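Step one of this worksheet: look at the structure below.
Fair warning: this is a prediction, and the values are worked out from it, not measured in the lab. Each chain gets a letter, A, B and so on, in the order the sequences are listed, and its residues count up from 1.
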Amino acid sequence: MSTVRTRFAPSPTGFMHIGGMRTALFNWLWARHNGGQFILRIDDTDQARNLDEALGPILDAFRWLGLDWDEGPEVGGDHGPYFQSQRSELYTAACEQLLQEGKAYKDYDPPALTQQDREAAEKEKRPFLNIRRSLELTDEERATCETEERPYVIRFLVNRDEKVSIDDQVRGHVEWDCSLIPDPVIMRGDGTPLYNFATVVDDAALEITHVIRAEEHLSNTPVQVMLFKALGYELPEFAHIPFVAAPGTKAKLSKRDKALEKYRKSPQFKKLFEIADDVLPKLGLGGSQSLNPVMVSYYDAVGFLPDAIFNGLARLGWSYDDKTENMPREFIVENFTLDRIVKAAAGLDPDKLLSYQEHWIGQLSLEQKVEQCLPYLQKAGYITGEVDADVRSKVQGLISALGDRIKLFSDILTYDEYFVADEELVYNEKAFKKRIVKPERAPELLTKYRDHLSQQEDFTASFLEEDFKTWLEANDLGYGDIIHALRVATTGKPAGPGMFECLELLGKTSCVNRINRAILQAEEKD
RNA sequence: GGCCCCAUCGUCUAGUGGCCCAGGACACUGGAUUUUCAGUCCAGGUACACGGGUUCAAAUCCCGUUGGGGUCACCA
C-alpha cells in the first residue's frame with residue numbers, strides 16, 4: 001500500500017483564486033489526513049514572462065492559509081523538477097513512445113482545415129471527429145511532408161470502439177463513449193506539450209495517488225484516462241469535487257472583469273467589495289479594483305483570520321456531521337474524508353465567512369488582537385514612529401473597549417477618532433444635527449457637563465460613570481438628555497463603545513477640547 | 001446543440017428505505033437586555049423541483065420531465 005500523494009498544480013497567474021484554494025485545501029487535507037504528501041507543481045507550459053512575480057502571490061496565499069507542501073517550488077523533492085517548463089524531456093519521451101506504438105500520430109492538417117471539418121460537423125449536427133487524413137498518407141507522401149518540414153501537431157489516436165470509465169470518489173461510476181471523442185492534440189509542432197498530456201505524464205511521474213480537482217475537469221478525464229492506459233501507467237483515484245460558485249448562484253466563481261462587475265452589485269457579495277473599497281485605500285492599496293474577494297490575498301489584506309477562511313473553505317462542499325460548524329484545523333484534518341464531499345456546487349457565502357471570522361477572532365486573546373491590529377494602524381498612518389509601551393497600551397485599551405466590535409482586524413480603522421487631533425475630528429453630519437443642533441438644551445447641557453468634567457481628577461471609566469450619575473441627579477436629568485450629545489461631541493459618531501470608556505480613552509484634555517468645538521459648531525449652525 | 005454532472009429552507013448543509021408532517025448553522029423577522037452600536041438571550045417563519053413507478057413504508061431506490069451547471073482549443 002503506497003502512501004497517499006496529492007497535488008495542486010497552479011498556473012503562475014499572479015494571484016490565487018479562492019475557488020482554486022478550496023481545491024488545493026481538499027488535496028492538502030486528504031494528504032494530511034492520510035499522513036501522505038501534498039505536492040505543488042507549477043503548470044507553466046504557457047511560459048510566464050516573469051515567473052517570480054507570477055508565482056510569488058500564489059505561494060504567499062498557501063503560506064498565509066497554512067497549507068505547507070512536501071514537494072514543489074522552494075522545497076524541492078525527489079520527483080523534481082516541479083515546473084512543467086523544466087520537464088520537457090519527459091513529455092517528449094512519452095510522446096515518442098506513443099508515436100512508436102502507433103498510439104499517436106503526426107497530423108499535418110493545417111488548423112484551418114480542422115476548423116473547417118469542425119464547422120461542417122456542426123452544420124450537419126453530428127459530433128465532430130477528426131478525419132485523420134494524415135493516417136491515410138502513403139509512405140511517399142509522408143516522406144515528402146518530412147523533407148518539406150510541413151508543420152504538424154501530434155494527436156493521440158482515440159480508439160473509437162472503446163468506452164472509458166472511472167469510479168470517481170465523489171461522483172461514483174462515470175462512463176464515456178470514445179466514439180464521440182476527437183483525437184486530442186498532445187504536442188504542438190514546436191514540441192511543447194498540451195495540458196491534458198503533460199498532466200498525465202506528470203501525475204504518473206510524481207506518483208500521484210489521488211487526483212482531486214474541480215468538476216470542470218470531469219470532461220477532460222476520459223482523454224486523460226486513455227493516455228494513462230496508453231502509456232502503461234497505473235490509474236490514480238479521481239475525485240471531482242464541486243466547484244465554488246459565485247454567491248447566490250450556481251455558476252462557477254469567475255475572476256474575469258465582466259463577472260467581477262456583476263459580483264460588485266450582487267446583494268450577497270456587495271459587502272465584501274465595500275469593505276475593500278473602504279479599507280484598502282486607507283492602506284495605500286487600490287480598493288476592490290486591485291484586490292477583490294475572488295482572490296485569497298483580499299482576505300489577508302482586509303484582516304480575515306486564516307483559521308476562519310480555512311474553516312469556511314473546508315465547509316464549502318464538505319461537512320463533518322449535522323451540527324458541527326466551527327472546527328479547528330487539526331479537527332478537520334483528522335476527520336476529512338472524500339465520501340463526505342457534497343456533489344452539488346456550493347455558492348461562496350460572505351455572511352457565513354464573516355460568521356466564521358467572528359467565531360475565530362473571538363478565540364483570540366487581547367494581546368493577539370492588538371498584535372494583528374497594530375499593522376493596520378501603522379499602514380494607515382494613525383500611528384507613526386515606533387510602537388512604544390504607551391502606544392501599545394492605548395491601542396490595547398481601545399481594543400478592549402471595542403470588544404467584539406472588531407470583526408476584521410481592519411475594523412480598527414473605523415475608529416480613527418481615537419487617533420486624530422481634536423481639531424481634525426470629523427463630526428458625523430446627521431448625528432450632529434440630530435443630537436446637538438436640534439435638541440434645544442444640548443449646547444447648554446454640554447457646557448455644563450464640560451465645566452464639571454474639567455474639574456475631575458480621576459478620569460477612569462468607572463469613576464466617570466458613577467460621577468455622571470450623581471451629576472445627573474443633582475441636575476434633575478436623565479441619561480438620554482445628554483449622553484447622545486456627549487457621544488457625538490467627543491467621538492463625532494453616533495455609535496461606539498460605552499460612553500465612559502470612550503471618555504477615558506480620549507482623556508480629559510481631548511474631551512474638553514472636543515466638547516468646546518462641538519458647542520461652537522452648533523452655534524454656527526443655528 | 002453534443003457529451004457529462006447536479007437538484008433538501010434565501011444560503012451552506014444533515015439525511016444512504018421506517019428514528020423525518022425533515023435536524024443544524026448563517027441570514028432574516030419579532031421580543032428581552034443595554035446610554036448608542038456591537039453582542040448576548042428567547043421566540044418565529046421558510047425546503048425534500050415535478051410526474052410516474054417499486055415497497056407495508058421513499059427526501060432516500062428506478063424511470064421520465066423540468067430546471068440549473070460544466071465542457072466541447074495547437075488555454076490551463
Would you kindly say whether H359(A) and N311(A) are connected by a side-chain donor-acceptor distance under 3.5 Å?
no
Hey, are the side chains of W176(A) and S219(A) touching, using non-hydrogen atoms and a 4.5 Å cut-off?
no
Please work out whether the ring planes of F500(A) and Y479(A) are parallel, tilted or perpendicular, with thresholds of 30° and 60°.
perpendicular
Rounded distance in Å between the C1' positions of rG39(B) and rG51(B)
49 Å
Which part of the nucleic acid does Q268(A) contact within heavy-atom distance under 4.0 Å: base, sugar-phosphate only, or nothing?
nothing
What's the CD-P distance between E162(A) and rC3(B), to the nearest Å?
19 Å
Applying a 3.5 Å limit to both distances, which nucleotide forms a Watson-Crick or G-U wobble pair with rG2(B)?
rU71(B)
Between atom CG in D321(A) and atom P in rC12(B), what is the gap in whole Å?
18 Å
Determine the interatomic distance between P on rC9(B) and the same-named atom on rA22(B); round to the nearest Å.
14 Å
Any donor-acceptor N/O pair under 3.5 Å between rG24(B) base and E325(A) side chain
yes
When the C1' atoms of rU46(B) and rA25(B) are compared, how many Å lie between them, rounded to an integer?
15 Å
Nearest to the R118(A) side chain among rC26(B), rC3(B), rA73(B), which nucleotide is it?
rA73(B)
Touch class at under 4.0 angstrom, heavy-atom based, for V153(A) against every strand present
base
Base, sugar-phosphate, or nothing: which does F128(A) touch, judged by heavy atoms less than 4.0 Å apart?
nothing
Have a look at L316(A) and say if it touches a base, only the backbone sugar-phosphate, or nothing, with a 4.0 Å heavy-atom cut-off.
sugar-phosphate
Identify the nucleotide, in any strand shown, that forms a Watson-Crick or G-U wobble pair with rU66(B), with both distances under 3.5 Å; if there is none, say none.
rA7(B)
Can you tell me if N335(A) uses its side chain to pair, donor with acceptor, with the backbone of F331(A) under 3.5 Å?
yes
Residues K352(A) and E325(A) bridged, charged N to O under 4.0 Å
yes
Provide, to the nearest angstrom, the distance between the CE atom belonging to M327(A) and the P atom belonging to rA25(B).
14 Å
At under 4.0 Å between heavy atoms, which parts of nucleotides 28-50 of chain B does protein reach? Answer with one letter per nucleotide, 5' to 3': B base, S sugar-phosphate only, - none.
-------BBBBS-----------
Taking only N and O in the side chain of R213(A), is any of them less than 4.0 Å away from OP1 or OP2 of rG70(B)?
no
Y320(A) OH to rG24(B) P, in whole Å, measures 18 Å
Can you tell me the distance, in whole Å, between the CD1 atom of I341(A) and the P atom of rC5(B)?
18 Å
Distance-only donor-acceptor test (3.5 Å): side chain K352(A), base rA25(B)
yes
P atom, rC19(B) versus rG52(B): distance in rounded Å?
23 Å
Side chain of E216(A) - closest among rA14(B), rU71(B), rC6(B):
rU71(B)
Heavy atoms under 4.0 Å, any strand shown: does N220(A) hit a base, just sugar-phosphate, or nothing?
base
Quick one: is the NZ or CZ of R126(A) closer than 6.0 Å to the six-membered ring centre of F128(A), and within 45° of its axis?
no
rU60(B) to rA7(B) separation - P atoms, rounded to the nearest Å
12 Å
Pairing nucleotide - rA38(B), Watson-Crick or G-U, each distance under 3.5 Å
none
Rounding to the closest angstrom, what is the interatomic distance between rA47(B) and rG31(B) at atom P?
24 Å
Should rU46(B) form a Watson-Crick or G-U wobble pair with both distances under 3.5 Å, which nucleotide is its partner?
none
Does rG70(B) have OP1 or OP2 sitting under 4.0 Å from an N or O in the side chain of R171(A)?
no
Where protein sits on nucleotides 60-68 of chain B, one letter per nucleotide: B base, S sugar-phosphate only, - none, heavy atoms under 4.0 Å:
--------S
C1' atoms of rG15(B) and rC20(B), separation to the nearest Å
9 Å
Taking for K252(A) and for T249(A) the nucleotide of RNA chain B with the nearest heavy atom, the one nearer the 5' end belongs to T249(A)
Over all strands shown, is H217(A) touching base, sugar-phosphate only, or nothing at heavy-atom distances under 4.0 angstrom?
base
Separation of rC26(B) atom P from N326(A) atom CG, nearest Å, is 8 Å
Partner lookup for rC56(B), please. Criteria are Watson-Crick or G-U wobble with both distances under 3.5 angstrom; report none if nothing qualifies.
rG18(B)
With a cut-off of under 6.0 Å to the ring centre and 45° to the axis, is R329(A) in cation-pi contact with F310(A)?
yes
The answer to which of D339(A) and E215(A) contacts RNA chain B further toward the 5' end, by nearest nucleotide, is E215(A)
How about N196(A) and I186(A): do any of their side-chain heavy atoms sit closer than 4.5 Å?
no
Given atom CG of L218(A) and atom P of rU71(B), what is their separation to the nearest angstrom?
11 Å
Take E358(A) and N326(A) through the side chain to side chain contact (heavy atoms under 4.5 Å, CB included) test and state the conclusion after the steps.
CA-CA 11 Å; E358(A) 278 179 51; N326(A) 297 124; over 6 Å; no
Name each donor-acceptor pair under 3.5 Å that joins a side chain in residues 239-247 of chain A to protein atoms two or more places apart or in another chain, with its distance.
residue, atom, partner, partner atom, Å
H240(A), ND1, D168(A), OD2, 2.6
H240(A), NE2, R213(A), NH1, 3.1
H240(A), NE2, T221(A), OG1, 3.1

Flag the pair D202(A) / Q84(A) as yes when at least one side-chain heavy-atom distance between them is below 4.5 Å, and no otherwise.
yes
Against the side chain of V342(A), the closest entry in rC6(B), rU13(B), rC5(B) is rU13(B)
Expressed as a whole number of Å, how far does the C1' atom of rA58(B) sit from that of rC48(B)?
11 Å
Residue-phosphate contact under 4.0 Å: S319(A) side-chain N/O, rA14(B) OP1/OP2:
yes
Here the distance between atom P of rC72(B) and atom CH2 of W176(A), to the nearest Å, is 14 Å
Give a yes or no on this: more than 12 heavy atoms of other residues, nucleotides or ligands lie within 6.0 Å of atom CD of Q86(A).
yes
Quick note, R315(A) side chain, CB onward, closest among rA14(B), rC4(B), rC12(B) is rC12(B)
Is it true that a side-chain atom of N130(A) and a backbone atom of R132(A) form a donor plus acceptor pair closer than 3.5 Å?
no
